[in-house]
Asks: 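Structure below; questions to follow.
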Amino acid sequence: MRQWISRARSGAACAAIVIVAACGDRRLKKLSTGIDKDSVTVVMSSDVPYRAQDFLTGGKHWEVLLYARGDTAAADTIAWRKLSPVVMTDGKVAGWGWGYWEEQASMLNIPVPPKD
């Protein structure tokens, strides 16, 4: 009986990991800091992001490219948090993902969309 419970717990843990991983954008793992915008378009398989934001603060040009995730159905509107941010500083990738952008935006006093 204990062995069955242990296997059930292991199976549930694996299923949870798969579900969480499916929510992310796998393309982000292929990015690296310092690459230019042209390389980002190749990695993200899109010439144009779904949305883009520009900020000039701290003597730097910040550009946030927001891409629709691969698992997101094409629609007229996509919620902010369903997008994958790629953050560029002075034309080079500085980081990506909501965690990175929230941290940078907080330091720069730039508002970000609330979590759902």
Side-chain angles (χ1 to χ4, degrees):
M1 181 72 168
R2 282 186 176 176
Q3 193 174 29
W4 183 84
I5 292 172
S6 177
R7 286 183 185 169
R9 285 183 183 163
S10 296
C14 288
I17 290 170
V18 168
I19 290 168
V20 170
C23 294
D25 191 334
R26 291 184 208 132
R27 299 172 297 176
L28 297 178
K29 293 178 183 175
K30 297 177 185 176
L31 291 171
S32 58
T33 56
I35 64 173
D36 62 16
K37 196 173 190 176
D38 290 338
S39 298
V40 172
T41 61
V42 171
V43 171
M44 299 303 285
S45 303
S46 177
D47 291 339
V48 181
Y50 183 79
R51 289 185 181 139
Q53 296 179 304
D54 287 298
F55 305 96
L56 184 58
T57 183
K60 293 184 178 184
H61 174 230
W62 293 83
E63 187 174 14
V64 183
L65 308 173
L66 296 146
Y67 289 92
R69 294 181 185 163
D71 63 344
T72 304
D76 290 338
T77 57
I78 300 173
W80 283 95
R81 291 296 177 147
K82 296 274 185 193
L83 300 171
S84 298
V86 177
V87 182
M88 304 194 68
T89 305
D90 294 331
K92 302 289 182 189
V93 171
W96 52 87
W98 283 107
Y100 177 81
W101 178 230
E102 286 173 335
E103 181 181 330
Q104 296 303 311
S106 174
M107 288 189 292
L108 299 167
N109 292 322
I110 297 172
V112 294
K115 294 179 181 177
D116 292 333

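Predicted model, so just to flag it, every value in this text is computed and none were measured. Only heavy atoms go into these numbers, but all of them, side chains included; no hydrogens, no water, no symmetry mates.
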Asks: Within this structure, what is the CH2-CG distance for the pair W98 and L66, rounded to the nearest 0.5 Å?
Replies: 5.5 Å
Asks: Walk me through it: do T41 and D38 pass the test side chain to side chain donor-acceptor pair (under 3.5 Å)?
Replies: CA-CA 5 Å; T41 61; D38 290 338; 5.0 Å; no
Asks: Between E63 and H61, is there a side-chain heavy-atom distance shorter than 4.5 Å?
Replies: yes
Asks: How far does NZ of K82 sit from OG1 of T77, to the nearest 0.5 angstrom?
Replies: 12.0 Å
Asks: Could you state the interatomic distance from OH (Y50) to CD1 (I78), rounded to the nearest 0.5 Å?
Replies: 4.5 Å
Asks: Can you name the nearest heavy-atom pair linking R27 to A68, along with the distance?
Replies: NH2-O, 2.6 Å
Asks: Please lay out, stage by stage, how F55 and V64 fare under the test side-chain contact (heavy atoms from CB on, under 4.5 Å).
Replies: CA-CA 8 Å; F55 305 96; V64 183; 4.2 Å; yes
Asks: Under a single-linkage rule joining Ile, Leu, Val, Met, Phe, Trp and Tyr whose side-chain heavy atoms are separated by less than 4.5 Å, which residues share a cluster with V86?
Replies: L28, L31, I35, V40, V43, M44, L65, Y67, M88, V93, W96
Asks: For the atom pair CH2 (W62) and NZ (K60), what is the distance rounded to the nearest 0.5 Å?
Replies: 6.0 Å
Asks: I'd like to check the side-chain hydrogen bond (donor to acceptor under 3.5 Å, both in side chains) partners of N109; sequence neighbours left out, ordered by chain and number.
Replies: none
Asks: Take R81 and V112 through the test side-chain contact (heavy atoms from CB on, under 4.5 Å) and record every step on the way to the result.
Replies: CA-CA 10 Å; R81 291 296 177 147; V112 294; 4.3 Å; yes
Asks: Would you check if W101 and I110 make a side-chain contact, meaning some heavy-atom pair closer than 4.5 Å?
Replies: yes
Asks: Less than 4.5 Å apart, any side-chain heavy atom of D36 and any of K92?
Replies: yes
